[in-house]
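One structure is given here, and the rest of the page talks about it.
Atoms considered below: every heavy atom in the structure, side chains included; atoms not considered: hydrogens, waters and symmetry mates.
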Amino acid sequence: MDLFVGADLGTSALKLVLLDGEGRILRTVSEGYELILPRPLWSEERPEDWRDAFFRGFDRLLDGYDRRAVRGIGTGGQMHGLVMLDANDTVVRPAILWNDGRCADEVEYLNSSIGKDYLIAHTGNIAFAGFTAPKILWVRNHERENFDRTRRIMLPKDYLTYVLTGVHATDFSDASGMLLLDVERKIWSKEMLEICGIVEEMLPALHESYDNVGFVRPEIAERLGIDADVAVAAGAGDNAAAALGTGTIGDGKCNLSLGTSGTLFFPSSTFRQDSKASLHSFCHADGRYHLMGCMLSAASATSWYMEKILGTADFFAEESAVRESNLGKNNVFFLPYLMGERSPINDTDARGLFIGMSMDTGREDMLQAVFEGVAFALRDSLDIARSLGLDISRSTVCGGGSKSRLWLRMIAAIFAFPLDIPLVSEGPGFGGALLAMVASGYERRIEDAVGRFTGVRETIEPDPELVKLYDERYRRFKEIYPCVKELYRKLV
């Protein structure tokens, strides 16, 4: 029996998926690691912790299975994180993560002094605080010694690839989020490298996500108990990998991911651009392109409210208290910008905000407002995609937040179209395993693997009455942020 391993390098944990040759998931395991928050809005992790989590998780994943049957390994992972290695390939400093907000000055410099038009011309995107290039500039400006020591720059999942193979490689989908790649031409942008003060030799080699970038090093193969000819795929950014795992390839498709962050993923056979760059123009893991809207706090907003504010881990009890009769009629609104925001407002100063409370407001109303606020903010990106002529009439949905049926009902009504729950819910890890199938030669094309092993388990249809109610609520929601935008500047 041939086996394939997919790794999802998430913000809070590494999830590993074991797949057989028929696309069946045999086992999943998860290994956590420490999220380091040195200051408000700072977010870091130690790459060495990811490596150790992979080794621990791999042992658990393959326990009881023939390790010599593993033919390929593929990764999906958190995007944008800055991993810096010295001349000996030793980690220079903890990785600065995608949800780190320290780079406001560098983002302002790039978007204003360099200019958004210049950035779009050379990368297809404007600067966001989460992207890698502003982080490089921050280290150059604030940690010059670390910057000068650095000889290699890579992304989180690519550090795992290096650990396994000794190869410095990345894929186009993940590299798209660095603001260093000319996305349309699929080459490193010499102009952006010069702005950041780095040279191309510091960056990993570029590949399609399904390429075999190397084989597992003998000493690592011995540690894992696998053959040294196991192929390692270039892998993909988490959202591109999740899109593969949910069957989201081809024009007219859409995937909604409700994880720590929230994303709407729109595949495209050709390179597309939003003139204001409110949506990201990235490469897809199928060798083509996609547009993506990303908000920083999605399922993490609900976790924040329940755990930090209510002090409970009983999500089901809190959710079940939300009144059916109040759907589409809630007087409380919530802006879900707990860590600033990316798509579409690109505002590092924005923060969470409840408005509309009265003496009869209960905790269930505020929880409902959190669910609705995230969905409304996601619709902002959906509306921009539709304004570009994309015909989006339904979406698959994945991520931890998709386990909430109540939330999915709200989103289906707010988006006014059906949500398809995929057969496999493992998202990036499953996508990584599909890439491993192609990299190993087991499957000829990624389209073949996706076509064979993905499908829809269930569909959540929108309630027509809720669609009408939520359309009006969404219009009210859109009026709030412009009214408080300048206030944020004074408070932060």
Side-chain angles (χ1 to χ4, degrees), residues 254 256-258 261-264 274 276 278-279 293-305 309 319 322-358 360-387 392 395 397 401 404 406-417 419 460 462-489 491:
C254 175
L256 164 63
S257 177
L258 289 172
S261 62
T263 60
L264 279 166
D274 163 21
K276 296 182 180 179
S278 301
L279 302 182
C294 177
M295 60 179 298
L296 295 182
S297 301
S300 56
T302 62
S303 298
W304 161 81
Y305 179 68
I309 305 304
E319 183 178 308
V322 174
R323 292 165 292 155
E324 181 81 16
S325 61
N326 200 41
L327 297 186
K329 301 174 183 177
N330 197 3
N331 290 321
V332 183
F333 290 87
F334 176 67
L335 298 189
Y337 311 139
L338 295 170
M339 296 194 68
E341 189 55 293
R342 273 169 59 175
S343 303
I345 64 174
N346 193 17
D347 187 348
T348 56
D349 292 331
R351 294 292 182 271
L353 171 70
F354 282 104
I355 189 170
M357 286 88 74
S358 58
D360 61 348
T361 296
R363 58 199 285 166
E364 69 277 7
D365 302 309
M366 297 181 74
L367 174 59
Q368 180 180 333
V370 174
F371 281 136
E372 292 168 342
V374 172
F376 289 147
L378 286 165
R379 179 170 161 177
D380 287 343
S381 291
L382 176 62
D383 285 357
I384 293 172
R386 284 171 164 165
S387 75
I392 310 298
S395 177
V397 58
S404 169
L406 173 67
W407 204 1
L408 294 188
R409 284 192 60 211
M410 293 177 182
I411 294 171
I414 290 168
F415 287 6
F417 62 44
L419 299 177
I460 307 295
D463 181 322
E465 291 303 314
L466 284 182
V467 169
K468 295 177 184 177
L469 291 170
Y470 272 124
D471 198 52
E472 171 60 27
R473 294 287 159 180
Y474 175 63
R475 283 196 290 269
R476 296 188 184 183
F477 172 85
K478 283 181 67 67
E479 295 175 358
I480 301 171
Y481 171 72
C483 292
V484 299
K485 179 178 180 179
E486 293 308 315
L487 182 60
Y488 283 132
R489 308 285 182 269
L491 297 178

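In this structure, Leu338 and Ala301 approach most closely via the heavy-atom pair CD1-CA, 3.8 Å. When every heavy atom of Thr263 is checked against every heavy atom of Leu378, the shortest pair comes out as N-CD2, 4.1 Å. Contact detail for Ile384 and Pro344: the closest heavy-atom pair is CD1-CB, 3.5 Å. Looking at every heavy atom in both residues, Ile392 comes nearest to Cys254 through CG2-CB, 3.7 Å. Contact record, Pro336 with Gly373: CG-O, 3.6 Å, taken as the closest heavy-atom pair. In terms of heavy-atom proximity, Tyr305 sits nearest to Arg363 at OH-O, 3.2 Å.
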- Message: For Met295 and Arg342: C-alpha separation, side-chain torsions, deciding distance, then whether side-chain contact (heavy atoms from CB on, under 4.5 Å) applies.
- Response: CA-CA 5 Å; Met295 60 179 298; Arg342 273 169 59 175; over 6 Å; no
- Test log, rule side-chain contact (heavy atoms from CB on, under 4.5 Å), inputs Ile414 and Phe376: CA-CA 7 Å; Ile414 290 168; Phe376 289 147; 3.6 Å; yes
- Check step by step if side-chain contact (heavy atoms from CB on, under 4.5 Å) holds for Leu327 and Met410. CA-CA 8 Å; Leu327 297 186; Met410 293 177 182; 3.6 Å; yes
- Task: Mind running salt bridge (charged side-chain N to carboxylate O under 4.0 Å, His left out) on Asp349 and Lys485 for me, showing each step along the way?
- Result: CA-CA 9 Å; Asp349 292 331; Lys485 179 178 180 179; over 6 Å; no
- Check the pair Arg351 / Leu491 against side-chain contact (heavy atoms from CB on, under 4.5 Å), numbers first and verdict last. CA-CA 10 Å; Arg351 294 292 182 271; Leu491 297 178; over 6 Å; no
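Contact of the Phe371 side chain with the Ile411 side chain is not registered, since no non-hydrogen atoms from C-beta on lie closer than 4.5 Å. Side-chain contact check for Ser395 versus Phe417: some heavy-atom pair is nearer than 4.5 Å. Residues Thr361 and Ser358 form a side-chain contact, since some pair of their non-hydrogen atoms from C-beta on lies under 4.5 Å apart. Two residues are said to be in side-chain contact when any heavy atoms from C-beta on lie closer than 4.5 Å; Asn330 and Arg473 fail this criterion. Between Leu469 and Lys329 there is a side-chain heavy-atom pair separated by less than 4.5 Å. The shortest distance between side-chain heavy atoms of Glu372 and Tyr470 falls below 4.5 Å. For the pair Leu279 and Leu264, the minimum side-chain heavy-atom distance is 4.5 Å or more.
The pair Glu472-Arg475 meets the salt-bridge criterion, since a charged nitrogen lies less than 4.0 angstrom from a carboxylate oxygen. Under the 4.0 Å criterion applied to side-chain N and carboxylate O atoms, Asp471 and Arg379 are assigned as salt-bridge partners.
Between Phe477 and Tyr474, the angle of the ring planes stays under 30°, which puts this pair in the parallel group of the 30/60° scheme.
Side-chain atoms of Ser300 never come within 3.5 Å of backbone atoms of Ser297 as a donor-acceptor pair (strictly under, hydrogens ignored). At distances below 3.5 Å, not a single donor-acceptor pair connects side-chain atoms of Ser278 with backbone N or O atoms of Ser343. Judged by distance alone, with hydrogens and angles left aside, the side-chain atoms of Ser404 form a donor-acceptor pair with the main-chain N or O of Trp407 at under 3.5 Å. Under a 3.5 Å cut-off, the side chain of Ser381 and the backbone N or O of Gly293 do not form any donor-acceptor pair. Using modelled atom types, no side-chain atom of Ser257 and backbone atom of Gly262 make a donor-acceptor pair closer than 3.5 Å.
A distance of 8.0 Å separates CG in Leu335 from CD1 in Ile355, rounded to the nearest 0.5 Å. For the atom pair CG of Leu367 and CD1 of Ile309, the computed distance is 12.0 Å after rounding to the nearest 0.5 Å. Here Ile460 contributes atom CD1 and Arg409 contributes atom CZ; the two are 9.0 Å apart, rounded to the nearest 0.5 Å. To the nearest 0.5 angstrom, Lys478 atom NZ is 13.0 Å from Phe333 atom CZ. Here the OG1-CD distance, from Thr348 to Glu341, works out to 11.0 Å after rounding to the nearest 0.5 Å.
Centroid-to-centroid, the aromatic rings of Phe334 and Phe354 come within less than 6.0 Å.
When the options Leu353, Ile345, Leu296, Asp347 are evaluated for a side-chain contact (heavy atoms from CB on, under 4.5 Å) with Tyr337, the one that passes is Ile345.
When only modelled atom types and interatomic distance are considered, Asn326 and Gln368 share a side-chain donor-acceptor pair under 3.5 Å. For the residue pair Tyr481/Asp380, the side-chain donor-acceptor check at 3.5 Å is not satisfied.
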